[in-house]
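Below: the structure, in structure tokens.
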Amino acid sequence: MKKYRYFPLEYKQQIVNEIESGIRTKAAIAREEHLSSSLIDRWQKQIHEGTMIHHPSTKERQLERELERYKKKVGELTLENDLLKKIDEYCRSMRRSNGSIVTGRSMAWRRDVKS
């Protein structure tokens, strides 16, 4: 299976700019850069029409997928952390409310247990 060559957007724009400014001819660029003239024509057309878009490389796509996984994991861990903080706050408030405050009602219950 033939592997396709990847050309960055900046490279394509540089080639077209060199042709349009007259620095090099299309034939010279095609020969030196091992490109077909029809490919250069397509790049010129896309640039003039504004339809040339940046296609990320395989490595860029892989890094974007990895970044999305990390963002998802950070979100999950943030939710867990927030939940644990709420649970800790709730436990602290319960410990404070269940202190050893002696009331008449609690003392009566303790007397019944002793007898």
Side-chain angles (χ1 to χ4, degrees):
M1 185 171 167
K2 183 177 178 180
K3 183 177 177 183
Y4 290 99
R5 295 186 293 173
Y6 171 75
F7 299 103
L9 182 61
E10 296 80 22
Y11 176 78
K12 296 174 185 179
Q13 290 172 335
Q14 176 189 354
I15 295 294
V16 172
N17 288 340
E18 286 181 13
I19 292 170
E20 291 178 352
S21 65
I23 296 174
R24 294 195 291 177
T25 64
K26 187 189 324 179
I29 289 176
R31 188 173 44 255
E32 293 167 9
E33 302 289 335
H34 304 287
L35 301 170
S36 68
S37 60
S38 63
L39 178 62
I40 296 171
D41 290 336
R42 186 170 51 229
W43 290 350
Q44 284 179 313
K45 181 181 176 188
Q46 288 174 342
I47 287 177
H48 291 299
E49 292 176 348
T51 58
M52 181 172 282
I53 58 172
H54 172 70
H55 294 286
S57 67
T58 305
K59 182 69 175 173
E60 288 173 327
R61 286 193 301 271
Q62 177 189 4
L63 290 173
E64 287 173 1
R65 284 192 301 269
E66 187 177 348
L67 178 62
E68 288 303 315
R69 278 197 315 270
Y70 287 140
K71 284 181 179 180
K72 183 179 178 184
K73 190 64 176 176
V74 166
E76 291 171 359
L77 292 173
T78 301
L79 288 174
E80 287 179 17
N81 194 18
D82 291 343
L83 179 62
L84 289 172
K85 285 179 182 178
K86 288 179 182 179
I87 290 171
D88 183 53
E89 183 181 325
Y90 175 76
C91 289
R92 287 176 193 258
S93 69
M94 291 304 292
R95 274 187 240 128
R96 281 192 300 258
S97 68
N98 290 337
S100 61
I101 299 175
V102 178
T103 62
R105 189 172 188 192
S106 64
M107 286 303 291
W109 177 76
R110 288 188 180 192
R111 284 187 200 133
D112 291 338
V113 172
K114 288 181 183 178
S115 11

(request) For E60 and L63, run side-chain contact (heavy atoms from CB on, under 4.5 Å): C-alpha distance rounded to whole Å, both residues' side-chain angles, the deciding distance at 0.1 Å, then the answer. (result) CA-CA 5 Å; E60 288 173 327; L63 290 173; 5.7 Å; no
(request) List the atom of I29, the atom of R24, and the distance in Å for their closest heavy-atom pair. (result)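 Taking I29 first and R24 second, the nearest heavy atoms are CG1-NE, 3.5 Å.
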(request) Spell out, yes or no, whether Y11 and M52 are grouped together once hydrophobic residues are joined by side-chain heavy atoms under 4.5 Å, including indirect joins. (result) yes
(request) Find out if a path of hydrophobic residues (ILVMFWY) with successive side-chain heavy-atom gaps under 4.5 Å connects L9 to I40. (result)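 Looking at the clustering, I40 is in the same group as L9.
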(request) Evaluate the criterion side chain to side chain donor-acceptor pair (under 3.5 Å) for residue pair E10 and Q14; output intermediate values, then yes/no. (result) CA-CA 6 Å; E10 296 80 22; Q14 176 189 354; over 6 Å; no
Can you tell me how far the [atom1] atom of [X] sits from the [atom2] atom of [Y], to the nearest 0.5 Å?
{"X": "H48", "Y": "E20", "atom1": "NE2", "atom2": "CD", "result": "3.5 Å"}
{"X": "K12", "Y": "Q46", "atom1": "NZ", "atom2": "CD", "result": "6.5 Å"}
{"X": "D41", "Y": "I19", "atom1": "CG", "atom2": "CD1", "result": "8.0 Å"}
{"X": "R5", "Y": "L35", "atom1": "CZ", "atom2": "CG", "result": "5.5 Å"}
{"X": "Q44", "Y": "S37", "atom1": "CD", "atom2": "OG", "result": "10.0 Å"}

Distance-only donor-acceptor pairs under 3.5 Å for side chains of residues 81-89, two or more places apart:
from, atom 1, to, atom 2, distance (Å)
D88, OD2, R92, NE, 2.9
D88, OD2, R92, NH2, 3.4

(message) Please tell me whether E66 and Q62 have a donor and an acceptor in their side chains that are separated by less than 3.5 angstrom.
(response)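 The answer is no; no qualifying pair exists.
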(request) Measure the shortest side-chain to side-chain distance between I15 and F7 over non-hydrogen atoms and say whether it is less than 4.5 angstrom. (result)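 No, too far: nothing below the 4.5 Å cut-off.
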(message) If you define the side chain from C-beta out and look only at heavy atoms, does anything of L67 sit under 4.5 Å from E64?
(response)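 L67 vs E64: side chains apart.
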